[in-house]
Enquirer: 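Quick one: the structure is below, and I'll ask about it shortly.
Atom set for the values below is all heavy atoms of this structure, side chains included, hydrogens, waters and symmetry mates excluded. Worth saying up front: this structure is predicted, and the values here are computed from it rather than measured. This chain uses plain numbering: 1 for the first residue, then up along the sequence.
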Amino acid sequence: MRPMPQKTIIAPSILAADFSRLGHEVRTVSNADWIHIDVMDGHFVPNLSFGLPVAQSIVGLTDKHLDVHLMIEDPARWAPGYALDFDSVTFHLEAVESVEAAVELAATLRAEGTLAGVAIKPGTSVEPLLEHLSDFDIVLVMSVEPGFGGQKFMPEVLDKVRALRERIDSEGLHTIIEIDGGIGPETASESAAAGVDAYVAGSSVFGKPDPVERITAIRSAITSRL
């Protein structure tokens with residue numbers, strides 16, 4: 001079966017943006033493909049960001065794809081509420097009881113009209129997901145421990161990306177491989193070579209003097225490896 005071509009999706013994370021002027025911050029990344037929205041509940045991860053009302057405030061500020069990453073407990077209860085307003089909603093495999101529960105929640109999200117994603121922490125094996133990739137639109141591989149921005153990229157997670165890429169290509173699937181944590185030009189290049197499609201970049205874009213230039217640099221680094 002012919003492999004699907006890799007995508008190049010740059011998704012700046014507003015976790016690194018100035019929350020007091022989100023509209024302005026979103027406009028500074030005009031050459032981004034997606035806007036990544038990290039929701040943290042202070043329980044599943046030790047940090048707290050914001051919930052649905054603040055996330056909804058971004059709707060209408062941009063016409064870009066809005067990509068929600070839920071780092072929360074009990075996503076079966078809360079994730080469907082995000083499906084109504086956002087283009088993709090990703091929850092953590094570690095926050096549900098089983099892979100089967102993750103598949104069920106993904107089906108619920110898809111039925112609401114959003115893309116459904118599942119995320120895995122650096123210490124979580126990707127193997128249980130490989131037989132279920134058609135049930136997910138996105139698999140998000142965390143390249144840092146979730147909960148805090150500005151951490152150093154963990155290159156060992158790229159073995160998971162390679163396993164995902166091989167299975168997705170062999171089955172001719174459209175599942176997007178996303179990576180999140182410590183992404184800049186150099187680590188984006190390494191990730192592209194492993195098979196990543198979507199790149200979440202936070203502190204390497206927001207807060208820099210020229211966010212557009214930073215996105216351009218990341219995109220160029222990715223393109224050089226495809």
Side-chain angles (χ1 to χ4, degrees), residues 9 11-17 19-20 22-23 25-26 34-126 128-129 132-149 151 175-181 198 200-202 206:
I9 299 166
S13 169
I14 65 165
L15 185 62
F19 285 8
S20 70
L22 280 178
E25 294 284 81
V26 167
W34 292 4
I35 300 296
H36 189 78
I37 302 167
D38 286 306
V39 175
M40 301 185 291
D41 64 359
H43 299 284
F44 179 74
V45 292
N47 208 351
L48 179 68
S49 60
F50 48 77
L52 180 57
V54 172
Q56 286 173 320
S57 72
I58 301 164
V59 178
L61 297 179
T62 177
D63 59 359
K64 297 186 186 301
H65 178 113
L66 296 178
D67 177 43
V68 172
H69 175 198
L70 297 176
M71 291 174 270
I72 63 172
E73 292 181 348
D74 198 7
R77 177 181 179 184
W78 302 109
Y82 288 83
L84 301 176
D85 292 304
F86 299 96
D87 301 293
S88 54
V89 178
T90 294
F91 59 90
H92 269 265
L93 181 61
E94 302 87 358
V96 296
E97 293 182 356
S98 63
V99 173
E100 291 72 25
V103 169
E104 183 177 349
L105 179 52
T108 298
L109 295 174
R110 282 176 163 181
E112 294 290 349
T114 191
L115 299 183
V118 62
I120 52 175
K121 296 180 181 181
T124 300
S125 173
V126 74
L129 289 175
H132 302 277
L133 294 179
S134 63
D135 295 304
F136 301 99
D137 301 295
I138 300 167
V139 177
L140 171 55
V141 177
M142 292 298 300
S143 44
V144 298
E145 289 296 334
F148 297 92
Q151 298 181 64
T175 310
I176 292 168
I177 304 172
E178 187 171 20
I179 197 159
D180 183 356
V200 178
F206 283 116

Enquirer: For the residue pair Trp78 and Asp41, establish whether any side-chain heavy-atom pair is separated by less than 4.5 Å.
Expert: no
Enquirer: To the nearest 0.5 angstrom, please state how far the CH2 atom of Trp34 sits from the CD1 atom of Ile138.
Expert: 4.0 Å
Enquirer: Closer than 3.5 angstrom, by distance alone: can the side chain of Thr90 be matched with the main-chain N or O of His69 as a donor-acceptor pair?
Expert: no
Enquirer: As a test of understanding, state which of Asp38, Val39, Asp180 forms a side chain to side chain contact (heavy atoms under 4.5 Å, CB included) with Leu15.
Expert: Asp38
Enquirer: So does Val200 get a backbone contact from the side chain of Ser13, meaning a donor-acceptor N/O pair under 3.5 Å?
Expert: no
Enquirer: Looking at Leu22 and Ala17, what are the two nearest heavy atoms and their distance?
Expert: CD2-CB, 4.3 Å
Enquirer: Tell me the ring pair (Phe, Tyr, Trp, His ring centres under 6.0 Å) pairs involving residues 95-117, sequence neighbours left out?
Expert: none
Enquirer: Which heavy atom of Met71 sits nearest a heavy atom of Pro146, and at what distance?
Expert: SD-CB, 3.5 Å
Enquirer: Please confirm whether the backbone N or O of Phe136 pairs with a side-chain atom of Thr175, one donor and one acceptor, at under 3.5 Å?
Expert: yes
Enquirer: Using atom types as modelled and distance alone, determine if a side-chain donor or acceptor of Thr108 lies under 3.5 Å from a backbone N or O of Glu104.
Expert: yes
Enquirer: Which atoms form the tightest heavy-atom contact between Ile14 and Phe19, and what is the distance?
Expert: O-CE1, 3.0 Å
Enquirer: Ignoring hydrogens, what is the shortest heavy-atom contact between Ala198 and Ile176? Give both atom names and the distance.
Expert: CB-CG2, 4.0 Å
Enquirer: Without swapping roles, check the side chain of Ser143 against the backbone of Gly181 for a donor-acceptor pair under 3.5 Å.
Expert: yes
Enquirer: Taking atom OG1 of Thr62 and atom CD1 of Ile35, what is their separation to the nearest 0.5 Å?
Expert: 5.5 Å
Enquirer: Nearest 0.5 Å, what's the CG-NE2 distance between Leu140 and His36?
Expert: 6.0 Å
Enquirer: Just how far is it from atom CG of Leu105 to atom CG of Leu70, taken to the nearest 0.5 Å?
Expert: 9.0 Å
Enquirer: Could you tell me which non-hydrogen atom of Leu109 sits nearest to which non-hydrogen atom of Ala116, and how far apart they are?
Expert: CB-CB, 4.0 Å
Enquirer: Please report the interatomic distance CD1(Ile120) to OG(Ser125), rounded to the nearest 0.5 Å.
Expert: 7.5 Å
Enquirer: Do Thr124 and Leu93 have side chains that get closer than 4.5 Å, going by heavy atoms?
Expert: yes
Enquirer: Here's one to test your reading of the geometry: is the NZ or CZ of Lys121 within 45 degrees of the ring axis of Phe44 and under 6.0 Å from its centre?
Expert: yes
Enquirer: Can you list the steps and then say if Phe86 with Leu115 is a side-chain contact (heavy atoms from CB on, under 4.5 Å)?
Expert: CA-CA 9 Å; Phe86 299 96; Leu115 299 183; over 6 Å; no
Enquirer: Donor-acceptor pair, distance only, cut-off 3.5 Å: does the side chain of Tyr82 make one with the backbone of Val68?
Expert: no
Enquirer: Do you know the tightest heavy-atom contact between Ala83 and Glu112?
Expert: CB-CB, 3.6 Å
Enquirer: Less than 4.5 Å apart, any side-chain heavy atom of Val59 and any of Leu66?
Expert: yes
Enquirer: Look up atom CE in Met142 and atom CD in Glu178, then write down how far apart they are to the nearest 0.5 Å.
Expert: 9.5 Å
